[in-house]
Amino acid sequence: MNWAGNVTFAAARFHRPASLPQLQRLVARSTRVRALGTGHSFSPLADTPGDLVCVAGLPRVIEVDTAGAAVTLSAGLTYAEVAVALQEAGRALPNLASLPHISVAGACATGTHGSGDAVGSLATAVSAVEMVTADGDLVTVSREADPGRFPGTVVALGALGIVTRLTLDTVPTFDIRQYVYEDLPAGQVTEHFDEIVASAYSVSLFTDWRGPRIRQAWLKRRADAPGSGTPEPRWMGGRLADGPRHPLPGLPAAACTGQLGVPGPWHERLPHFRPEFTPSAGDELQSEYLLPRAHAADALAALQPVAGRLAPVVRTSEIRTIAADDLWLSPAYQRDSVAFHFTWINDWAAVAPAVALVEERLAPLRARPHWGKLFGTSPEAMRGLYPRLDDFRRLMHRQDPAGKFRNDLLDRYFPPGG
Ligand SMILES: Cc1cc2nc3c(=O)[nH]c(=O)nc-3n(C[C@H](O)[C@H](O)[C@H](O)COP(=O)(O)OP(=O)(O)OC[C@H]3O[C@@H](n4cnc5c(N)ncnc54)[C@H](O)[C@@H]3O)c2cc1C
């Protein structure tokens, strides 16, 4: 089962190889094989009828190259594990997702992102991918040596091979001060959206669609930014929270990263959730859509009239921004983006109509769904949304002609054929 328990994997066998040769033999012999990360996706993206492989048992590697501003790591490590080693070496990653529990390979494979106008998705830090390809060979594809296929190889949905190592760009470590503002009037947010999301290194807006307000704005300011330690008590019509908060109403803030402006290292502030706690509610489903950032106000205006139909099935919604990138299947491909995320109640029958409603309202704004969450976007629509989709399909076919890394979801969106 996946983390949320909404996908029961159909795989005939589960493997956790302890060595690279063992993995290579397994892939070479298998007719249908896919990698599983930490299983935090809500879509059945990782599934296969054949062999499901977890690479977390391979020998652990974290090589921090401070001079080269890079880290090479084993693909099954979680961001929580990698972050501690980087911080000890005085290095950092530019961004993290809301939770650090996910595997690096699994997150990069789906275009997972955090928030920040100037910061790309987590996959944009990747400079090289080492993987076991369909015939069992070990291949490295790098940004520098393979500029042609590299942008198709990073956000690859597990369709090109089993990733064993990744090299990521790093930056010098930095501290963040996190503040939460409450009850921002929706009109204020629509009118000043660009100013709001530009007001900190990373900004997340939470709403439950139960009223014309943004319930919480989480501002993650670099501690070295001027004035970062002196927040205004009132801002954009909202008020500074007087204690730590959880993004889901009623849940204890102890699970969340440090707030109230107390400076802390990047990896203890950029995620919303601390590694030692179960993130979010656990009992939930999720969907998310990325749109051109310039459509943020239009998207809010498109969703507001149906807020009353969303509210009963939404636990919380999060609005974030992501810088454009050049990775073919990244939902932020060549678009500075705004993301509308929905944490739904764990009842698919009740949630499915709301997912369809959101997609209907956001389709005219060219919304791309998050590959790892639940969506119903049609294959035809997806072709129109991803200019390099056919290039990816050809890359899949070249690299895996027998289709051993395929599954139902990939067949639907990337039909077999040259
Ligand atoms: C509570 C919660 C919060 C979340 N917050 C965010 C967020 O802030 N931002 C965001 O963008 N997303 C978020 N997500 C979604 C999540 O980050 C993505 O679904 C991510 O892909 C999960 O990583 P994983 O390691 O669990 O991958 P899995 O779900 O296990 O797999 C995802 C894909 O990666 C492939 N894969 C995994 N390992 C390998 C490998 N070694 N080689 C090749 N392919 C591989 C799989 O085949 C599959 O296609 C959240 C999910 C949860 C449950």
Side-chain angles (χ1 to χ4, degrees), residues 1-7 9 11 16-17 23 27 33-48 51-58 73-80 95-116 120-123 129-133 153-166 202 204 218 247-248 255 270-273 277-290 315-316 318 320 322 329-332 337 339 341-343 346 369-374 405-407 409-410:
M1 261 197 207
N2 64 342
W3 176 84
N6 69 310
V7 176
F9 295 116
R16 194 180 153 97
L23 172 64
V27 175
V33 56
R34 285 190 57 78
L36 178 67
T38 49
H40 281 81
S41 293
F42 295 82
S43 64
L45 188 56
D47 205 7
T48 172
D51 298 291
L52 197 56
V53 182
C54 168
V55 296
L58 294 180
L73 47 90
S74 23
L77 289 172
T78 64
Y79 277 97
N95 214 348
L96 292 170
S98 67
L99 77 175
H101 309 63
I102 48 178
S103 79
V104 180
C108 292
T110 61
T112 287
H113 60 87
S115 188
S121 75
L122 306 190
V129 180
E130 179 196 87
M131 63 186 149
V132 175
T133 51
T153 303
V154 185
V155 179
L157 315 178
L160 303 180
I162 310 290
V163 176
T164 47
R165 284 191 192 192
L166 289 156
S202 169
S204 289
W218 287 44
L248 283 160
L270 290 176
H272 304 325
F273 303 109
F277 285 85
T278 300
S280 202
D283 185 22
E284 66 193 51
L285 301 172
Q286 296 187 6
S287 304
E288 189 170 32
Y289 300 89
L290 273 72
R315 299 183 71 117
T316 191
E318 183 176 6
R320 291 178 277 186
I322 304 102
L329 293 190
S330 164
S337 298
H341 161 89
F342 300 83
T343 298
N346 191 4
H370 190 308
W371 293 105
K373 302 187 182 180
L374 296 171
F405 296 124
R406 288 185 162 277
N407 63 11
L409 193 148
L410 294 175

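Counting starts at 1 for both ligands and their atoms, following the listed order.
Short contacts between ligand 1 and Ala97, defined as distances under 4.0 Å to a heavy atom of the residue, involve ligand atoms 7 (C), 8 (O), 9 (N). Residue Thr110 has at least one heavy-atom neighbour below 4.0 Å for each of these atoms of ligand 1: 18 (C), 20 (C), 21 (O), 32 (C), 33 (C).
Evaluated by nearest non-hydrogen atom to atom 16 (C) of ligand 1, the leading choice among Asn407, Thr112, Leu36, Leu45 is Thr112. Which of Leu99, Leu290, Leu166 comes nearest to atom 3 (C) of ligand 1 through a heavy atom is settled by distance: it is Leu99.
Under a 4.0 angstrom heavy-atom cut-off, Lys373 registers as being in contact with ligand 1. Judged by the shortest distance from any of its heavy atoms, Glu318 lies outside the 4.0 Å radius around the atoms of ligand 1. Within the structure, ligand 1 lacks Cys54 among the residues with a heavy atom less than 4.0 angstrom away. Contact annotation: Phe42 has at least one heavy atom less than 4.0 Å from an atom of ligand 1. Heavy-atom separations between His101 and ligand 1 are all 4.0 Å or longer.
Formation of a donor-acceptor pair under 3.5 Å by the Asn2 side chain with backbone atoms of His40 is not found in this model. His101 places a side-chain N or O within donor-acceptor distance of the main-chain N or O of Phe277, the cut-off being under 3.5 Å. When atom types are taken as modelled, the side chain of Asn407 and the backbone of Leu45 share a donor-acceptor pair closer than 3.5 angstrom.
Using a 4.0 Å cut-off between charged nitrogen and carboxylate oxygen, Arg315 and Glu284 do not count as a salt-bridge pair.
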